[in-house]
2 protein chains.
Amino acid sequence: MPNTKVLPLLEPSVDEGVVPCCPPLTERPFTAEEAETAARMFKALGDPVRLRLFSAVASHEGGEACVCDISDVGVSQPTVSHHLKKLKEAGLLTSERRGTWVYYRVTPSVLAAMGQLLAIR
Amino acid sequence: MPNTKVLPLLEPSVDEGVVPCCPPLTERPFTAEEAETAARMFKALGDPVRLRLFSAVASHEGGEACVCDISDVGVSQPTVSHHLKKLKEAGLLTSERRGTWVYYRVTPSVLAAMGQLLAIR
DNA sequence: GCAAGGCATCGACAAACGTCGAAACAAAGG
DNA sequence: CCTTTGTTTCGACGTTTGTCGATGCCTTGC
């Protein structure tokens with residue numbers, strides 16, 4: 001029986017110390033502030049290149065990817081860098097330099113927050 | 001024990017005859033086409049006003065709302081209409097005129113599709 | 001120290017976007 | 001009909017966005 005598994009994103013240990021952000025989209029009309037916050041996240045994923053980059057990081061083994069691993073998305077290298085910065089500013093990714101390379105990973109709470117918007121619980 | 005409930009959005013009866021769209025964001029890197037499709041959805045929700053409108057429709061009793069019910073989002077009425085059109089074009093909402101009023105509702109498959117992007121299953 | 005490679009920043013530009021007021025359209029009621 | 005009310009379309013505007021090439025900044029390896 002598929003679909004009986006709970007979102008692995010909402011493990012109790014995961015959603016502590018992080019943005020409660022917003023109620024489910026379908027629970028009640030968002031306030032202006034809630035909308036401002038959540039829209040920032042959606043907006044960051046609202047560009048095809050950024051979505052590919054995010055997906056590439058999120059699906060990469062070890063949970064992290066160096067820029068060189070994911071730069072093959074059809075735009076120039078400065079543009080890749082620009083989009084990664086946007087994703088960082090939106091709180092979706094974090095980055096860390098290790099030697100020559102810079103590694104990006106998905107901010108732990110982010111997938112849980114997205115799940116929360118979708119009426120889970 | 002909370003969080004043991006499965007996404008009500010993925011009931012077997014719901015996701016039939018509709019866009020399979022994309023795999024979970026975390027499963028593998030999105031292709032250009034998948035990213036194009038999914039980004040359109042995220043982009044539509046990436047504006048605070050649109051997100052409030054969508055949330056207002058999604059949370060409204062009966063699953064639908066007339067424009068007059070949700071127009072109080074701080075922008076002019078033409079702007080509201082413009083955003084509703086964008087949400088329609090993105091496939092997130094549908095509309096139907098009944099007499100004087102126009103009613104909007106969330107496209108049935110949309111929440112399921114969004115759930116699918118979040119690594120469910 | 002110096003060259004090379006990985007990545008970020010800068011400056012520029014066209015395209016897309018959000019917003020509004022004015023006007024048009026549609027339905028209902030006198 | 002003509003008016004009223006709800007909604008969409010149009011035209012215009014300033015702002016934001018995505019993109020690039022050129023340049024600069026780290027780190028490593030000679």
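Chain naming here is simple, since letters A, B, ... match the order of the sequence lines and numbering starts at 1 in each. Treat the numbers as computed from the prediction; the structure is a model and nothing was measured.
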Is there a donor-acceptor pair under 3.5 Å between the side chain of B:T37 and the backbone N or O of B:E33? yes

Backbone N or O of B:V110 within a donor-acceptor pair of the B:T107 side chain at under 3.5 Å? no

State, to 0.1 Å, how close B:A65 and B:I70 come at their nearest heavy-atom pair, and which atoms those are. CB-CG2, 3.9 Å

Under 3.5 Å, N/O pairs linking protein and nucleotides 20-27 of chain C:
{"unit_1": "C:dC20", "atom_1": "OP2", "unit_2": "B:S76", "atom_2": "N", "d": "2.7"}
{"unit_1": "C:dC20", "atom_1": "OP2", "unit_2": "B:S76", "atom_2": "OG", "d": "3.0"}
{"unit_1": "C:dC20", "atom_1": "OP2", "unit_2": "B:T79", "atom_2": "OG1", "d": "2.8"}

Kindly give the heavy-atom pair with the smallest separation between B:S55 and A:L25, and that separation in Å. OG-O, 3.1 Å

A:L87 has an atom CG; how far is it from atom C1' of D:dG18, in whole Å? 13 Å

Sorted by number, the residues of residues 40-55 of chain B with heavy-atom contact under 4.0 Å to DNA chain D: none

Side-chain donor/acceptor of A:T26 to backbone N/O of B:S59, under 3.5 Å: no

OP1, OP2 of C:dG6 versus side-chain N and O of A:Y104: anything below 4.0 Å? no

Is the shortest side-chain N/O distance from B:K85 to OP1 or OP2 of D:dT7 below 4.0 Å? no

A:L84 CG to D:dT19 C1', straight-line distance once rounded to whole Å: 15 Å

Polar side-chain atom of B:S71 near backbone of B:V67 as donor-acceptor pair, under 3.5 Å: yes

Answer yes when B:E36 and A:R52 have at least one side-chain N-carboxylate O distance shorter than 4.0 Å, and no when they do not. no

Would you mind reading off the distance between B:D69 atom CG and D:dT5 atom C1', rounded to a whole angstrom? 15 Å

CD1 of B:I70 versus P of D:dG6: gap in Å, rounded? 15 Å

Is a donor on one side and an acceptor on the other found under 3.5 Å between the side chain of B:R97 and the backbone of B:T100? yes

Need one value for A:Y103: base, sugar-phosphate or nothing, where a base atom within 4.0 Å counts as base even if backbone is also close, heavy atoms only. nothing

Flag this pair as yes if the NZ/CZ of A:R98 is under 6.0 angstrom from the six-membered ring centre of A:Y103 and inside a 45 degree cone about the axis; otherwise no. yes

To the nearest 10°, let me know how far the axis at one end of the helix from C:dG1-D:dC30 to C:dG30-D:dC1 is tilted from the axis at the other, five pairs an end. 10°

Quiz question: by atom type and distance under 3.5 Å, do the side chains of B:T94 and B:K88 form a donor-acceptor pair? no

Of all heavy-atom pairs between B:L93 and B:V106, which one has the smallest distance, and what is that distance? CD2-CA, 3.8 Å

Whole-Å distance separating the NE2 atom of A:H83 from the P atom of C:dC7: 17 Å

